Asker: 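Please read through the structure below; I'll follow up with questions.
Letters A, B, ... are given to chains in the order of the sequence lines, protein chains preceding strands, and every chain is numbered from 1. Just so you know, these numbers come straight off a predicted model, no measurement behind them.
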Amino acid sequence: MILVKDRAKLDNIIDEIIQYDRISLDTETTGLYPFHGDRLFSIAVSTGRQDYYFDFNIGGMPKSVLPKMQRLLDNVKYVYFCNAKFDMSMLHVDGLKTIPQVLDAPSMARVENSRHKSGYMSLDYLAKHYLKSGSKDLNVKKYIRDNKIYGKDHTGKLKPLYDRVPTSMIAPYACLDARLTFDIGETIIKLINEKDKRNRASKRNRASKPKGYGSLMDIIKSEARLTKVLFDMKVEGFAIDREYIAKGILHETYKRDNHEEEIKKQLGDAFKPNSPKQVKEFLASKDIIVEDTEAKTLVKIAASHNLDILEHIIGYKQANKKISTYYEGYIKLATTGDIVHCEVNQEACSTGRCSSSSPNLQNLPKEPYHDYAVRNSFITNDDARLYFLDYKSQEMIYMLDQAGELSVIDKVKSGLDFYTATAEVIYELMKVKLDRKQSKAISLGLAYGQGADLLASNLGCTREEALNFKNVYFKGLPKLKQLQDYLIEQVKTYGKIHNPFGRVTYLTAEESYKALNAYVQGSCADIMKRALYLCSEVLRGKKSKIILTVHDEIIFKIYPEDEYLVEYLRDAMISAYRCNYINLEVDIEVSKTSWARKVKLHG
DNA sequence: TGCCATACGTA
DNA sequence: CGTACGTATGGCAC
């Protein structure tokens, strides 16, 4: 390990490191939250042969020397990170740009093996998985505990202050993390090259007639260029309307308190509406036995048994969820500038999708517009407009196109909405009229292997009728059945499926019914990841920005001078993937004010 | 305090 | 056997 705390030696050290193509980098920070006062105090770098600790803490180099580190970032080809967006944030607030190709170890791990558990992959987890070693430095933790070095974060919560740990203790720890990150990155690249080689050697495991045969390395490249796009989204963030949120909380609190009062009157002060156990016990006391206490179930029971109290329980839970999961979450995480910088997680989903957290902006209630719609919380805070570009029935169209199943696609090509087209095909097959909603339930449900019972309850028909629907649907769409059979066969034989882009999803034989979903959802995730990159290129150097992706949708903030680019953004999304028989279509919605107030752009 | 099950919002 | 997520809550084990 080389400890760098002398600015006079910095240039020589940088010269030494930039002889290498690939390095890893890890920032040590105070321990607070990014965008809420967290700052780096040192940078650990590993070349795989030597580790360097650049000390910018008290006793080390002054922060004014930090810009000199830019030369290091500009002159290596690849940088491995563990949780790249975090380190990039820390470098960003101190004016450093991460120009070289960013290789994020958790994102690479997800590509290498879809079976990693969902959610955040820590360095410790990756080290144990790929290197059979760990990263936790218990000495640092003990030092913090023994010396009680804690500070308050923006919410008033106590957090350890890592910059107060002696350099002699934290430097080896930081360098170990940098070395582990390097070794994990190299190990994954090696594994991926081996897998690609084996796969090229045997031409097995190929889905039926995809347009291209991607490799795992193609996915790694796609992910690598995406990391910076997601980082830019995080930096941009989404503006919130604090006044509206305060109003929303008051509105929902009023409703919640009224329900609570009635519940207490009838069921006592100790009754907790959020407790499934207590709700079940209450219903049991009325000789009503239920499997679950979901709102859907309680609504049915309220009607059949004339139990008004259930309406209050449902109302209480609804209001409480809006307050705590949505409104209060936004307030807690917003900066003083009223911006929420949510995480768009690149690696968290087994299928390859991006998830969102802190807060999750991918599950806001989709309410018809009203004054207290949760989506009013998110706004434009200047003269930009929000644009919402979403793929029309992306998964369904991709799926039937891949299957080569043209009965529905031909109707869509002639201008019909996908689910209306499906309803027509079903009518032609079995002379049963479905509305669009029923058609959607059948298409989505059956494509992914929904059972007859659930289908019957969704359609409001008998089990026999549902079974009949199932048979007719697959008989009418034989090539879809063939694709599904093929993918299930792949899982049973090889334990995995490959999508045309090169992504591999591992499934056990017992999970083979998930194969079609993994194939379709995974492919569409890869299309979206390409689209995000292409859109970022359209907006390169512009004031307008990508704000968020919600699986088949991209949300943009577009300034008046950039409005002409919206057509180009749509074209970029369409060109992200050309289907075999039809082009993906993109709908455009726009709002001058809040997310809830978006309207269709053209008729 | 940490973990699990349940409930519920989205694509 | 729809699947894929993240968050809040209650209840139990530690």
Side-chain angles (χ1 to χ4, degrees), chain A residues 110 114 117-120 270-281 290-299 313-314 316-330 332-333 342-367 373-375 388 390-396 398-399 440-455 457-458 466 470 473 484 488 505 507-525 527-528 548-555 595:
Chain A
R110 173 66 65 197
S114 67
K117 65 174 172 24
S118 77
Y120 175 67
F271 190 84
K272 291 185 173 177
N274 272 323
S275 165
K277 188 169 173 264
Q278 290 189 29
V279 173
K280 272 186 191 176
E281 279 166 9
V290 288
E291 293 281 311
D292 60 70
T293 57
E294 289 173 18
K296 223 169 100 186
T297 310
L298 297 186
V299 166
I313 290 175
I314 294 164
Y316 174 95
K317 288 205 285 186
Q318 273 174 351
N320 193 54
K321 183 162 177 83
K322 282 195 180 170
I323 296 166
S324 46
T325 300
Y326 298 109
Y327 294 133
E328 287 183 349
Y330 305 149
K332 259 186 230 159
L333 291 157
C342 81
E343 287 286 343
V344 176
N345 308 299
Q346 193 175 351
E347 77 298 349
C349 302
S350 64
T351 52
R353 274 183 171 185
C354 293
S355 74
S356 161
S357 59
S358 310
N360 181 358
L361 295 190
Q362 290 178 330
N363 70 345
L364 272 70
K366 193 179 176 178
E367 304 153 291
V374 173
R375 289 182 182 206
F388 306 80
D390 73 298
Y391 287 111
K392 260 171 131 169
S393 309
Q394 186 195 21
E395 290 198 352
M396 289 294 116
Y398 175 82
M399 179 180 79
K440 197 169 174 176
I442 292 186
S443 304
L444 286 166
L446 292 189
Y448 300 138
Q450 190 175 65
D453 284 324
L454 191 54
L455 181 63
S457 87
N458 284 345
K470 228 174 143 166
Y473 183 86
Q484 188 178 39
I488 289 173
T505 308
L507 293 167
T508 64
E510 295 72 43
E511 296 170 315
S512 63
Y513 72 97
K514 297 179 184 174
L516 181 59
N517 178 263
Y519 182 81
V520 174
Q521 201 184 109
S523 297
C524 288
I527 293 171
M528 175 50 82
L548 188 67
T549 169
V550 191
H551 308 311
D552 64 357
E553 173 182 16
I554 307 178
I555 304 178
W595 192 344

Asker: Which nucleotide in the list C:dT7, C:dT9, B:dT10 gets nearest to the side chain of A:Lys366?
Answerer: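 Closest nucleotide to the A:Lys366 side chain: B:dT10.
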
Asker: Rounding to an integer number of Å, can you tell me how far A:Tyr448 OH sits from C:dG2 C1'?
Answerer: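 From A:Tyr448 OH to C:dG2 C1': 9 Å.
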
Asker: Fill in the dot-bracket string of DNA chain C, one character per base: . for unpaired, | for a pair to another strand, ( ) or [ ] for pairs within the strand, taking Watson-Crick or G-U pairs under 3.5 Å.
Answerer: ..|||||||||||.

Asker: Hey, which of these two, A:Gln278 or A:Tyr120, hits DNA chain C nearer its 5' end, going by closest nucleotide?
Answerer: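 Result: A:Tyr120.
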
Asker: Using side-chain heavy atoms (C-beta onward) and a distance below 4.5 Å, is A:Ile488 in contact with A:Tyr513?
Answerer: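 Contact flag for A:Ile488/A:Tyr513 side chains = no.
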
Asker: Using a strict 4.0 Å threshold on nitrogen-to-oxygen distance, state whether A:Arg353 and A:Glu395 make a salt bridge.
Answerer: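 Here A:Arg353 pairs with A:Glu395 in a salt bridge, since their nearest N and O are under 4.0 Å apart.
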
Asker: Within the structure shown, what part of the strands sits under 4.0 Å from A:Leu446 by heavy-atom distance: base, sugar-phosphate, or nothing?
Answerer: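 Touches nothing.
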
Asker: May I have the distance from A:Lys321 (atom NZ) to C:dT9 (atom P), rounded to whole angstrom?
Answerer: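 Distance check: A:Lys321 NZ to C:dT9 P gives 9 Å.
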
Asker: Using a cut-off of 4.0 Å on non-hydrogen atoms, how would the nucleic acid contact of A:Leu516 be classed: base, sugar-phosphate, or nothing?
Answerer: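 The residue A:Leu516 makes no contact with any strand.
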
Asker: Quick check for you: among C:dG6, B:dC8, C:dG2, whose closest atom lies nearest to any side-chain atom of A:Ala295?
Answerer: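 Comparing C:dG6, B:dC8, C:dG2 against the side chain of A:Ala295, the answer is B:dC8.
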
Asker: From C-beta outward on A:Arg353, which listed nucleotide comes closest to its side chain: C:dA4, C:dG2, C:dG11?
Answerer: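 Selected nucleotide: C:dA4.
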
Asker: Are A:Glu367 and A:Lys322 close enough for a salt bridge, meaning some N to O gap below 4.0 Å?
Answerer: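 The answer is yes: the pair qualifies as a salt bridge.
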
Asker: Tell me which nucleotide among C:dA4, C:dG10, B:dC8 gets nearest to the side chain of A:Cys349.
Answerer: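 The listed nucleotide nearest to A:Cys349's side chain is C:dA4.
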
Asker: Any idea which of C:dA4, C:dT9, C:dT7 is nearest the A:Asn320 side chain?
Answerer: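 Among C:dA4, C:dT9, C:dT7, the one nearest the side chain of A:Asn320 is C:dT9.
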
Asker: With hydrogens left out and only the distance checked, is there a donor-acceptor pair under 3.5 Å joining A:Asn360's side chain and the base of C:dG6?
Answerer: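 Flag unset: no donor-acceptor pair detected.
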
Asker: Starting from C1' on C:dT7, measure out to NZ on A:Lys317 and report it in whole angstrom.
Answerer: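 Rounding to the nearest Å, NZ of A:Lys317 and C1' of C:dT7 are 15 Å apart.
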
Asker: Output the distance between atom OH (A:Tyr120) and atom CD (A:Glu347), rounded to the nearest 0.5 Å.
Answerer: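 So the gap between those two atoms works out to 8.5 Å.
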
Asker: Has A:Thr293 got a side-chain N or O lying under 4.0 Å from the OP1 or OP2 atom of B:dA7?
Answerer: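 True: A:Thr293 side-chain N/O within range (under 4.0 Å) of B:dA7 OP1/OP2.
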
Asker: Tell me which nucleotide among B:dT10, C:dA4, C:dG6 gets nearest to the side chain of A:Arg375.
Answerer: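 So the side chain of A:Arg375 is nearest to B:dT10.
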
Asker: What is the distance, to the nearest angstrom, from the CD atom on A:Glu511 to the C1' atom on C:dA4?
Answerer: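 After rounding, the gap between these two atoms is 13 Å.
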
Asker: So does A:Thr508 get a backbone contact from the side chain of A:Lys514, meaning a donor-acceptor N/O pair under 3.5 Å?
Answerer: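 No, A:Lys514 side chain to A:Thr508 backbone: no donor-acceptor pair under 3.5 Å.
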
Asker: If I take atom CZ in residue A:Arg110 and atom P in nucleotide C:dA4, what distance separates them, rounded to the nearest angstrom?
Answerer: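 Result: 11 Å.
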
Asker: Considering every strand and a 4.0 Å limit on heavy-atom distances, what is the contact class for A:Gln521: base, sugar-phosphate, or nothing?
Answerer: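 The answer is base, as A:Gln521 lies within the cut-off (heavy atoms under 4.0 Å) of a base atom.
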
Asker: Which residues in residues 322-329 of chain A have at least one heavy atom lying under 4.0 Å from any atom of DNA chain C?
Answerer: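 Those residues are A:Ser324, A:Thr325.
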
Asker: What's the CG-P distance between A:Asn274 and C:dT7, to the nearest Å?
Answerer: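 The distance from CG of A:Asn274 to P of C:dT7 comes to 18 Å, rounded to the nearest Å.
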
Asker: Closest to the A:Ala348 side chain: C:dC1, C:dG6, B:dC8?
Answerer: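 Within the option list, the nearest is C:dG6.
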
Asker: Between A:Thr351 and C:dT3, does any side-chain N or O lie under 4.0 Å from OP1 or OP2?
Answerer: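 The answer is no; no side-chain N or O of A:Thr351 sits under 4.0 Å from OP1 or OP2.
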
Asker: In whole Å, what is the span from the CG atom of A:Asn345 to the P atom of C:dG6?
Answerer: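 So the two atoms are 6 Å apart, to the nearest Å.
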
Asker: For the backbone of A:Leu516 and the side chain of A:Gln484, can you confirm whether one donor and one acceptor N or O come within less than 3.5 Å of each other?
Answerer: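 Pair absent, no side-chain N/O of A:Gln484 close to backbone of A:Leu516.
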
Asker: May I ask you to say whether A:Lys332 pairs ionically with A:Glu328, meaning some side-chain N is under 4.0 Å from a carboxylate O?
Answerer: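 Result for this pair is no, no salt bridge flagged.
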
Asker: Would you name the heavy atoms of A:Phe271 and A:Ile313 that are closest together and state the gap between them?
Answerer: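 In this case the closest contact between A:Phe271 and A:Ile313 is CE2-CD1, 3.9 Å.
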
Asker: Rounded to whole angstroms, how far apart are CE on A:Met399 and P on B:dA11?
Answerer: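 Spelled out: CE on A:Met399 to P on B:dA11 is 18 Å.
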
Asker: Ignoring the backbone of A:Asp292, work out which of B:dA7, B:dA11, C:dG6 is nearest its side chain.
Answerer: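 My answer, after comparing the listed nucleotides, is B:dA7.
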
Asker: Given B:dA7, C:dG2, B:dG9, identify the nucleotide with an atom nearest to the side chain of A:Pro365.
Answerer: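 Of all the options, the side chain of A:Pro365 is nearest to B:dG9.
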
Asker: So if I take every side-chain heavy atom of A:Ser355 and compare against C:dC5, B:dT10, C:dC12, which nucleotide ends up nearest?
Answerer: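 Among C:dC5, B:dT10, C:dC12, the one nearest the side chain of A:Ser355 is C:dC5.
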
Asker: Okay, side chain of A:Ser523, backbone of A:Val520: is any donor-acceptor separation there less than 3.5 Å?
Answerer: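 Pair absent, no side-chain N/O of A:Ser523 close to backbone of A:Val520.
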
Asker: Kindly say whether A:Gln362 contributes a backbone atom to a donor-acceptor pair with the side chain of A:Asn360 at under 3.5 angstrom?
Answerer: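 Yes: the side chain of A:Asn360 pairs with the backbone of A:Gln362.
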
Asker: Could you tell me if the side chain of A:Thr297 sits less than 4.5 Å from the side chain of A:Glu291, heavy atoms only?
Answerer: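 A:Glu291 does not reach A:Thr297 side chain to side chain.
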
